[in-house]
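Lettering of chains follows the sequences in order, A, B, ..., and the numbering in each one begins at 1.
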Protein chains: 2
Amino acid sequence: MAGTSRDAKRALTAQRILEAARQEFAAQGFEGATIRGIARVAGVDPSLVMQHYGSKAALFHSAVQLPVDDDKVASEHLLEVLTVRLGELPPETRALVRSMLTVPEATESMRAYLDERVDNLTRSLDGDDAQLRALLTVSGILGLTITQHFLKLNAFDGVSQEALLRAARGWIASLAGDEPVT
Amino acid sequence: MAGTSRDAKRALTAQRILEAARQEFAAQGFEGATIRGIARVAGVDPSLVMQHYGSKAALFHSAVQLPVDDDKVASEHLLEVLTVRLGELPPETRALVRSMLTVPEATESMRAYLDERVDNLTRSLDGDDAQLRALLTVSGILGLTITQHFLKLNAFDGVSQEALLRAARGWIASLAGDEPVT
DNA sequence: GAGTTCGCTCAACCTCTGTTGAGTGAAGAG
DNA sequence: CTCTTCACTCAACAGAGGTTGAGCGAACTC
């Protein structure tokens, strides 16, 4: 047991490949990223990537699994706003979002994720239009994520993180409030 | 002049190719769509596509040009909401949005478009946080467009078009109103 | 009617990329 | 020390897809 056994080393390599994959998928999307490119980043032969994950699709599947952020009740909107606040998104999230418009599996994955978000939030709201307001909230957060982290709209340069966070919070609160959105 | 001259026929074919391209780019994205596929839809040989548009990138560029919806003052948010209301998006818009996360040119095009939207809307709003509210509005509309037309969230099945439109309008009004978003 | 001009098709090229099968050399078992 | 196992590399295949150049036939010119 000289530090790292064979299996341990193998597992470590697998991890390195996975991280390289997340990086590449996040930066280039599923189609743009290549097995060769991922292998290069991981410092490894392309065929080894296949031996570890079987196929590009399977690797993508593994790379894109978000940490199950569970159904920790329903006040997860704040958690989401946190995402908006962060200067950077975790690679697996970026990878998933990046490909969600072009790769069916990513679309479906994102859809399931957001559907659940809407459901959770709906349950935590009052009023008959609860679902509608939850939908607006979740859609809005997705919109902010995209315009900030992927399109990088100019307007984000003009606003401080605090102002943005405060505004987003207020806006969400207005949707969560008692007054109907009408 | 037997109805269609040579040039006219050529122009017509070019148009047919362009429409096929929009369709394919809208459905598959830039990388997913193929010259061969576009040619097949247009009922034409792949090489003809090249002769007309020079390259796949150039064809995409042509296919993705949104009708210059000008700077018709600033009340264009309603116009955007109209987009939200419509059951379907025009192919060139779908094509642009579909590829905006994976194709640099599409990203840049979308960025320029939304930047201008934010600027216009900012000018039409009062208050020192006008830009922030404009940003939230534009991001929110983009989010709705994506969740409705691309991700097809379940929640959209549960709400009527009218309710959605009314809510979106009310929500935009709340951002456009005098009370700061805080 | 003869010659010329294109709009369009055919066949091929070439690169990129996912994927595979045969090794190779070092780590572990006996 | 010997044999086996296995993480990893090398070289190659196969298919897809963008792109190109030659050619054909109908439309236009004179």
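Ranking dT19(C), dC8(D), dT9(C) by closeness to the Gln51(A) side chain, first place goes to dC8(D).
Taking atom NZ on Lys9(B) and atom C1' on dA27(D), their separation rounds to 11 Å, with Å as the unit. The distance from atom OH of Tyr53(A) to atom P of dC8(D) is 11 Å, rounded to the nearest whole Å. Nucleotide dG18(C) holds its P atom 5 Å from the CD1 atom of Ile35(A), rounded to whole Å. To the nearest angstrom, P of dC16(C) lies 10 Å from CZ of Arg36(A). If you take CD of Glu31(A) and C1' of dG18(C), they are 13 Å apart, rounded to a whole angstrom. Computed from coordinates, the Leu48(B) CG to dG23(D) C1' distance equals 15 Å when rounded to whole Å. The separation between Arg10(B) atom CZ and dA26(D) atom P is 19 Å, rounded to whole Å. If you take CZ of Phe60(B) and P of dG18(D), they are 13 Å apart, rounded to a whole angstrom.
Side-chain N/O atoms of His52(A) include one lying less than 4.0 angstrom from OP1 or OP2 on dC8(D).
Between Glu19(A) and Arg16(A), none of the side-chain N atoms (NZ, or NE/NH1/NH2) sits under 4.0 Å from a carboxylate O, so this pair counts as no salt bridge.
Both Ser55(A) and Gly43(B) lie near DNA chain C, and the one whose nearest nucleotide falls closer to the 5' end is Gly43(B).
Within the 4.0 angstrom heavy-atom criterion, only backbone atoms of the sugar-phosphate kind lie near Ala33(A); the bases stay farther away.
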